[in-house]
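One structure below.
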There are 2 protein chains.
Amino acid sequence: MKPTLEEVARLAGVSRSTVSRVINEHPSVSPETRQRVWKAIQEIGYRPHSVARSLATKRTRIIGVIIPEAITKIFSDQFFAILLQGAAQATNARGYQLILSLFDDPKRQEELYAKVLKNGYVEGAVVASAPPNDPLLRALKEDRLPTVSVGKQQGLPYVDVDNYGGGRLATEHLVQLGYRRIATITGPRDHVHVQERLAGYRDVLVEHGIGFEEELVAEGGFTEAGGMAAMQRLLPNRPEAVFVQGDTMAAGVLRALRAAGLRVPDDIALVSFDDAPLASLLDPPLTTVRQPIRLLGFMAVELLLNILEGAGGSHELVLPAELVVRGSCGAIRQNGGGR
Amino acid sequence: MKPTLEEVARLAGVSRSTVSRVINEHPSVSPETRQRVWKAIQEIGYRPHSVARSLATKRTRIIGVIIPEAITKIFSDQFFAILLQGAAQATNARGYQLILSLFDDPKRQEELYAKVLKNGYVEGAVVASAPPNDPLLRALKEDRLPTVSVGKQQGLPYVDVDNYGGGRLATEHLVQLGYRRIATITGPRDHVHVQERLAGYRDVLVEHGIGFEEELVAEGGFTEAGGMAAMQRLLPNRPEAVFVQGDTMAAGVLRALRAAGLRVPDDIALVSFDDAPLASLLDPPLTTVRQPIRLLGFMAVELLLNILEGAGGSHELVLPAELVVRGSCGAIRQNGGGR
DNA sequence: ACTGTTCTTGGGAGCGCTCCCAAAACGGGG
DNA sequence: CCCCGTTTTGGGAGCGCTCCCAAGAACAGT
C-alpha cells in the first residue's frame, strides 16, 4: 500500500494542504515546516499520485502521437522512428508524456482511434500525415481534440517540410549538373506532398526551357519494389537523370539500374528525398533532399504544447528542405572529387 | 464542459450507479433501463472519464515502453521502430495503452527515468535491453515496478532471441558452403547477446575441427563506420567469409570490401544478423539471421500483461532465430541460382 | 394473500489530490 | 498592551467515477 499525502501530513504534524504546498513548491510555507514535511516524505517514501492529481487539476500533461496504418505501411520504418525521436525529445523537454498509438491493422483503425482519442488521458495529439479523407482526421475534428498534423492537412495546424522547395532543389541540382532529360518517380499522386514535390520538379524544368513530359513521370508508391518497377517503366524513355521522391524507392531504383547494367551516377544520375539513414548506406550513397524528420517531430509537439498552453503564434510551420550531396548525382566526380 | 455520468443519470432518471452498470455492461440492469441510459448517453455525448475511473479502480491500463539512450545510439532506428510495432500491436490487442519513453540524452536519463517511472500512470514497463549496469535497471528494481526486459537481464523477466543459436546458424551455414577461414565482426564485447553470438560462432568452428582464431575476430560497435573499420582490420588475415553481428555493420562491411576491390559473395561471403529492412535493400541483399524484432516486442508486452494480470507461466522467453538466405553468402549462385 | 428469495436500483463513501476560504499566528507601530 | 495588516496553516468540498450495502420491487410457491 503506497503512502499517501495524508500519511505524510500525519507524520509531519501538518495538514494535507501544507504537504501539497510543499510538494508543489508553493511560497507560503515556513522554512521549518517545509523541512519537516520533506523529512516525512523521505521517511515513508511518498510519491505523488499522478492520477489523483490529474483528476483534481483536470490536467494530465499527456499527449498522443498517432501513427496510422497508412503511414507504417507506405513510409519506411525509418521515418516514424526518427519522427518519434524528435517528438519524444520535445515531450521530455516540456515535462509531458507521450502515449504512442501505432496502428497496423487497417480494419480496426477506427475502433482503435476511438479508444485512443476518447480515453481522457490525452490532452492533444500529433498525427503523422494521413492520406486524404482519412477517417482519423474526421474523428479528431469531431472530438475537437487539439491536433497537430505532420504534413499539410486542411483545417488543422501542421508542420511540414517545404515539399515544393525540395522538389525544386533536387531538380535544380540535376539541371545545374548539365542533365536535361530528367525523369521523376513519385509516391501516390493523390497525396498533397507528392503533388507539391512534383510541382517543384515541373516548375524548374519549365523555367529552364526544358519542358515537362508526362512520359518521364512514374508512380512508385514509396516502396522499394515500387521504385524498381517505376524505374523499369522509365528506362525505355532514356532519361539521363532521375529525381526519386523517397530513399526507399531509390534503393529499388538502384537495383533496377544494376539489373539493366547501368551504373549510378556514370550512366544515370539520381537524387532522392528524405535523407533517411538508408541514404548513406546504399552504394553509391544517395544525394538526397533532407527531410528534417526529427525536427518535424520536435516542432509538431512544440506546436501542440503551445496550443494546449494557450500561447500565440502561427499554427502552420513549413521547414526548409536542404540538399545533401553525396555520390549518386555525380557532382563529386565532376568537381574533381572534392567535398 | 464535458458531460458527466451524473448528468446522464439525471437525464435518464436513474442513479449514477445504474449508469455505471450500463457503461460497464453489468448484467443486473433491466432492458428498458439500459436502453434509456444509452439514449441519454448518446443525446449528451457522454464519454467515460478515464482519469476518474483510474482513481476509483486503482488501474490505468497503461504500460510504459522505455528505450534508453544506449539503445537509440547503438542500434539502428530500425530496431526499435519494429520493436515498437510489435509492442503496440500487443498493447492494442489487450486494450491497454503505451507510454513511450525514448531517451537520447545520456546526461538526463536518470532524471527522466524518475519522471516516467514515478508518475503513477504506468502499471509496468517493457525496457529495451540496456548495457550491463544501466542505472535504469537498478531504478526499476528499487521501485518494484513490474518490468520485462527485451534482451536477457539478471533478475528480470525477459524475452530474447536465441543469440547463441543464431550465431551457430550463421556460422554453420558458411561452413556448409565450404568456407573454412571464417571471420566475425561483433558488437561491444561486454554485451551478453554479443558474447552469446560469439560463443555460437566459436563452438561451430571447433566442432568442425576448424579452430577458433582471435585474429579473425573484430569488434565493430554495431555502427556502419564500425563495421567498415572492423572489416578493414580483418582483411590482412585473408578471411574467405565473415559473420557480422548486425545488418548496419554489414552495410559498412560491404563498403569496405568494395573499396578494397573485393566482390560479395564472389571473393568473400557474408552472413549478418537482424534481418532489418535494410538487409534486403543492400546490394547484394544480405543473408542474415532473422531476429524477430516485431515478435520480440509483441511477446515482451504479452509477458508484462500476463504478469500484471497475475497469470502463471514462465518469466523467460527465448525465441528461435532463423536464417534468411539471400545473395551475400553465395548459396544461391552455388546452387544454380534457384530460390 | 402472504412469505421468502432473487433481481434491480439507489446513494453514501472513498479513491488521492487540489484549491478556496477562513482561522490562527506573527510582527510592527502607536 | 492593543490593534491592524500580513503571513502561515487547516479543513471542507469537489474533481468523476466505482463499489458496497441496503432498500424496494418482482416473482414464485404455498
A/Arg59 CZ to D/dG14 P, straight-line distance once rounded to whole Å: 24 Å

Close N/O contacts between protein and nucleotides 5-11 of chain C (under 3.5 Å):
| residue | atom | partner | partner atom | Å |
| --- | --- | --- | --- | --- |
| C/dT8 | OP2 | B/Ser28 | OG | 3.1 |
| C/dT9 | OP1 | B/Ser30 | OG | 2.9 |
| C/dT9 | OP1 | B/Thr33 | OG1 | 2.5 |
| C/dT9 | OP2 | B/Ser30 | N | 2.8 |
| C/dG10 | OP2 | B/Ser15 | N | 2.7 |
| C/dG10 | OP2 | B/Ser15 | OG | 3.2 |
| C/dG10 | OP2 | B/Thr18 | OG1 | 2.5 |
| C/dG10 | O6 | B/Arg21 | NH2 | 2.6 |
| C/dG11 | N7 | B/Ser17 | OG | 3.0 |
| C/dG11 | O6 | B/Ser17 | OG | 2.2 |

Residues B/Ser17 and B/Ser20: side-chain donor-acceptor under 3.5 angstrom: no

Audit row: A/Ile44, A/Glu7, side chain to side chain contact (heavy atoms under 4.5 Å, CB included) steps and yes/no: CA-CA 9 Å; A/Ile44 63 172; A/Glu7 288 168 48; 4.1 Å; yes

Distance below 4.0 Å between B/Thr57 side-chain N/O and D/dT18 OP1 or OP2: no

Spacing of B/Arg53 atom CZ relative to D/dC17 atom P, expressed in whole Å: 8 Å

Whole-Å distance separating the NE2 atom of B/His49 from the P atom of D/dC15: 11 Å

Nearest-0.5 Å distance, CG of residue B/Leu98 to CG of residue A/Leu102: 8.0 Å

A/Lys2 NZ - C/dG16 C1' separation (whole Å): 13 Å

Value in whole Å for how far the C1' atom of D/dG12 lies from CD of A/Glu6: 12 Å

Protein-nucleotide distance (B/Arg47, atom CZ; D/dG16, atom P), rounded to Å: 14 Å

From B/Val159, B/Val148, B/Val127, residue fulfilling side-chain contact (heavy atoms from CB on, under 4.5 Å) relative to B/Leu304: B/Val148

Test: A/Arg61 and A/Glu123 ion pair at under 4.0 Å: no

Any B/Lys58 side-chain N or O less than 4.0 Å from OP1/OP2 of C/dG16: yes

Charged N-O contact under 4.0 Å between A/Arg94 and A/Glu302: yes

Minimum-distance nucleotide to B/Leu5 side chain [options: D/dC17, D/dG16, C/dT18]: D/dC17

Atom-to-atom span, OH of A/Tyr46 to P of C/dG16 - whole angstrom: 10 Å

Atom-to-atom span, CZ of A/Arg10 to P of D/dG10 - whole angstrom: 14 Å

Side chains of A/Ser54 and A/Tyr121, donor plus acceptor under 3.5 Å: no

